[in-house]
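Atoms within each ligand, like the ligands themselves, are counted from 1 in listed order.
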Amino acid sequence: MQYTEIMVRYGELSTKGKNRKDFIGRLNGNVAKALREYENTISIHPKRDRMHILLNGAPYEPIAKILSKIFGIQTFSPTIRIGKGIEEVKQTALELMQATYKEGMTYKVNTRRSDHDYEYDTNQMNLLIGDYLTEEIPNIKAQMKQPDLILRIEVRADAVYLSNQLIKGAGGLPVGSAGLGVMMLSGGIDSPVASYLAMKRGVEIEMVHFFSPPYTTKKALQKAQELTGKLANFSGKINFIAVPFAEIQEEIKRSVPEGYLMTIQRRFMLKLTDIIRERRGALAIFNGEAVGQVASQTLESMVAINEVTTTPIIRPVATMDKNEIIRIAEDIDTFNLSVMPFEDCCTIFAPPRPKTRPNLEKALQYEQKLDVDGMIERALAGIEVTPIYPEQKFINDEVSALDGLL
Ligand code: ATP
Ligand code: MG
């Protein structure tokens, strides 16, 4: 079927007034950016209650695939715009139904018209087109309640619009409409899922990733970068901020009792992230912590770690079970990357028995013995920021296969 346009319905329709304008403006920008490769063909028309994307001959399927990842879209429908002659409407309705109908499906026709001078009213149209389809398609059955297919016909002043598919969009709010946050991204399963959920609520994110050469391999860094490429599918581009963390870890390992290594390391990570957040003009910190999952994620640990800042720390997967998180990771295609066996900085410096109930006073005592400012300053000096684009690849397959064998 050569569709002529895609009709896009907005999510969170409760948004009103200026918010609604911002929502639509932002969505328009995000759609334009995501469909940049078609910019010479298509045109995008954001209206108050819907957006119309005119295809002008551009292919529907690949564009639909891109649209399905854009937050702020509730549903969309590939649509055909035709002239108002009834024969043309009948013929196109038949083709459209034949392209989507499968044996045994039920259907109904749903006509709306804003052109009240049209020669048929909505009831007449429903009957006329319905009768024609029932005659032409063997075994198709009309059914008013919950039919499998709804053929929507809209008679407007300029033309008639037909569609019979309602495709579920990604929901949520347009990325950027809620402001900027920094995301603490490891190479694990949870933080990519937390990144996706943050973007789904309209937050534009920048990734902060700690890496520890020579203790961690280049692969661990590349894995985090490639995960960012997967997540960029939902926003078009994500800045990746790599922070060297080896010196801090060495220093902590030298001076802090084993039970507090993890707590103090995490406190440094959070301090650094908060400074980076401020420099980048972001408002909140996001991470992939889930209550009770590991030693650093007990409530006691959170108290001892969180104390370094009053910045809001949002934990999108905080209350999810691991298998719920994994299900989302599979949906957004980060799972297979996350389970690749490249050790990150936390795994390598993880003490065998970290305290699950660290004491804040003790953590502060141990930390006071360190040259905190100097360590932080040197780490900040080594930061590198790079933009990462959808599906950008970083891991060299041949070498990583070999790594797996060794
Ligand atoms: P994940 O699957 O996201 O790695 P996890 O269950 O392995 O989480 P931890 O390793 O304890 O849990 O990490 C908790 C959170 O701390 C992560 O979700 C992430 O937000 C942050 N974090 C951990 N390691 C790093 C890192 N190397 N760089 C940036 N953030 C990190
Ligand atoms: Mg981890």
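- Partners of Y60 by ring-ring contact (aromatic ring centres under 6.0 Å, His included), not counting sequence neighbours, listed by chain and number: Y3.
- The shortest N or O to N or O distance between F210 and ligand 1 is below 3.5 Å.
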TODO: Check the pair Y196 / F71 against ring pair (Phe, Tyr, Trp, His ring centres under 6.0 Å), numbers first and verdict last.
DONE: CA-CA 10 Å; Y196 162 81; F71 293 123; 5.6 Å; yes
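- Summarising the contacts of atom 15 (C) of ligand 1 with R266, Q265, M262, H209, the nearest heavy atom is found in R266.
- Contact atoms of ligand 1 toward D190: 1 (P), 2 (O), 3 (O), 5 (P), 6 (O), 8 (O) (distance under 4.0 Å to a heavy atom of the residue).
- Between H209 and F211, the two ring planes are parallel [angle under 30°; tilted spans 30° to 60°].
- Below 30°, between 30° and 60°, or above 60°: for H52 and Y161 the angle between ring planes is between 30° and 60°, a tilted geometry.
- The contact set between ligand 1 and G188, taken as ligand atoms under 4.0 Å from a residue heavy atom, comprises 1 (P), 2 (O), 4 (O).
- Contact atoms of ligand 1 toward V208: 29 (C) (distance under 4.0 Å to a heavy atom of the residue).
- Residue M183 does not touch ligand 1, judged by heavy-atom distances below 4.0 Å.
- Taking all heavy atoms of K322, Q297, M184, R315 into account, the minimum distance to atom 12 (O) of ligand 1 is reached by Q297.
- Considering backbone and side-chain N/O of G187, none are found under 3.5 Å from N/O of ligand 1.
- Taking distance alone, with nitrogen or oxygen atoms compared against 3.5 Å, S191 approaches ligand 1 more closely than that limit.
- A salt bridge between K84 and D115 is present, with a side-chain N of the basic residue lying under 4.0 Å from a carboxylate O of the acidic one.
- The shortest N/O to N/O separation between M269 and ligand 1 does not fall below 3.5 Å.
- In the vicinity of N287, heavy-atom distances shorter than 4.0 Å reach the ligand 1 atoms 20 (O).
- Backbone and side-chain nitrogen or oxygen atoms of I189 are examined, and one is located within less than 3.5 angstrom of a nitrogen or oxygen of ligand 1.
- Between K223 and E226 there is no salt bridge, since none of the side-chain N atoms of the basic residue sits less than 4.0 Å from a carboxylate O of the acidic one.
- Checked for salt-bridge contact, E258 and K253 miss the test: no charged N lies under 4.0 Å from a carboxylate O.
- By the side-chain hydrogen bond (donor to acceptor under 3.5 Å, both in side chains) test, E330 is found to be paired with no residue, residues two or more places apart in sequence or in another chain being considered.
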